[in-house]
Amino acid sequence: MAKKKSKAPLAYLLISVVLIALDQWTKNLAIENLPKFRSVPFVGEVLQFFLIWNDSAAFSIGFGATWIFTVISSVAALVVIWLITRTTAKAWSLTLSVLLGGIVGNLVDRLTRSPGFPEGHVVDFLQLPFGFPVFNVADICITFAMTSVVILVMRGVKLGR
């Protein structure tokens, strides 16, 4: 008797798709409605809108090396998809699906936005006080996922299989 394949990886990949769509939708809303390079208060001084296009990685690491981040993000996305299909631990599956949503959300920008493939600039539009870098929904997903990775590793939660 053949072992029935689990549909769980598809459900977790669907979470990634929803997060990618949310990221792209919010970026398009920002482009359509926010002034460029000017702060707009949203929640007082705690959270502001500030529309920019980023050609580097997080915290402006690698300024101008967008194509390198395109390659790294593409490989990372494939590895995360592979891991999602291999893990049996729900916490890891959820964490990896959120990570994939963040990676691909920014990768879509690098592949499709100006100045063009594979050097498109990532749209950032959220800003916290005290000089915190401007970020987007994909960045939130990546940060959440990496924080979850640290917690899962510290708690000894295994990937499974």
Side-chain angles (χ1 to χ4, degrees), residues 1-31 42-43 46-47 49-62 65-113 117-128 132-161:
M1 181 181 233
K3 191 175 181 181
K4 191 175 179 183
K5 264 221 181 256
S6 171
K7 293 183 182 178
L10 289 178
Y12 289 107
L13 291 173
L14 180 60
I15 292 169
S16 299
V17 170
V18 168
L19 291 171
I20 295 163
L22 177 64
D23 175 66
Q24 291 299 305
W25 179 67
T26 57
K27 287 173 179 174
N28 288 330
L29 275 176
I31 291 168
F42 180 61
V43 181
V46 176
L47 178 63
F49 294 127
F50 192 85
L51 179 60
I52 63 166
W53 286 262
N54 185 352
D55 69 344
S56 59
F59 308 108
S60 297
I61 297 169
T66 306
W67 70 271
I68 293 172
F69 300 117
T70 301
V71 172
I72 292 169
S73 297
S74 299
V75 171
L78 293 173
V79 169
V80 172
I81 290 169
W82 181 79
L83 287 170
I84 288 172
T85 64
R86 300 294 184 272
T87 187
T88 55
K90 290 179 182 180
W92 275 108
S93 295
L94 180 59
T95 296
L96 292 168
S97 67
V98 173
L99 179 59
L100 182 63
I103 291 169
V104 175
N106 284 337
L107 181 59
V108 167
D109 286 9
R110 295 185 193 286
L111 295 174
T112 64
R113 297 201 189 267
F117 179 91
E119 298 181 344
H121 296 174
V122 174
V123 175
D124 288 329
F125 61 94
L126 298 168
Q127 186 172 38
L128 297 172
F132 197 84
V134 184
F135 58 98
N136 59 45
V137 172
D139 297 334
I140 294 169
C141 291
I142 293 168
T143 302
F144 171 84
M146 296 315 295
T147 302
S148 296
V149 166
V150 169
I151 293 167
L152 291 171
V153 169
M154 289 177 63
R155 294 187 72 205
V157 178
K158 303 287 184 215
L159 276 167
R161 286 194 198 184

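What you see is a predicted model, and the numbers here were worked out from it, not measured in a lab. Heavy-atom basis, side chains included; hydrogens, waters and symmetry copies ignored.
Taking CG of Leu47 as the start and CZ of Phe132 as the end, the distance is 11.5 Å to the nearest 0.5 Å. Note that CZ of Arg113 and CD1 of Ile31 are 4.0 Å apart. Values are rounded to the nearest 0.5 Å. Atom CZ of Phe117 sits about 13.0 Å away from atom CZ of Arg110, to the nearest 0.5 Å. Distance check, rounded to the nearest 0.5 Å: CG of Asp124 to CH2 of Trp53 gives 10.5 Å.
With sequence neighbours excluded, the residues satisfying side chain to side chain contact (heavy atoms under 4.5 Å, CB included) with Thr143 are Thr147. Looking at residues two or more places apart in sequence or on another chain, you find a ring pair (Phe, Tyr, Trp, His ring centres under 6.0 Å) between Phe42 and Phe49. Every residue was checked against the ring pair (Phe, Tyr, Trp, His ring centres under 6.0 Å) condition with Tyr12, not counting sequence neighbours, and none meets it. Take Glu119 and apply the side-chain hydrogen bond (donor to acceptor under 3.5 Å, both in side chains) test, not counting sequence neighbours, and it matches no residue. Every side chain to side chain contact (heavy atoms under 4.5 Å, CB included) that Ile142 has, sequence neighbours left out, goes to Leu99, Asn106, Met146.
Contact detail for Ser148 and Thr95: the closest heavy-atom pair is CB-OG1, 3.4 Å. Nearest heavy atoms, Ser73 versus Leu107: CB-CD1, 3.9 Å. Shortest non-hydrogen contact noted between Asn136 and Val123 is ND2-O, 2.9 Å. Here the closest non-hydrogen pair linking Leu100 and Ala77 is CD1-O, 3.7 Å. Minimum interatomic distance between Leu19 and Ser97 (heavy atoms only, all atoms of both residues): CD1-O, 4.3 Å. Here the closest heavy-atom approach between residue Trp92 and residue Val157 is recorded as NE1-O, 2.8 Å.
Pairs engaging residues 8-25 under the salt bridge (Lys or Arg N to Asp or Glu O under 4.0 Å) rule: Asp23-Lys27 [sequence neighbours left out].
Not one N or O on the side chain of Ser93 forms a donor-acceptor pair closer than 3.5 Å with the backbone of Ile84.
None of Thr87, Ile15, Thr85 except one satisfies the side chain to side chain contact (heavy atoms under 4.5 Å, CB included) rule with Leu96; the exception is Thr87.
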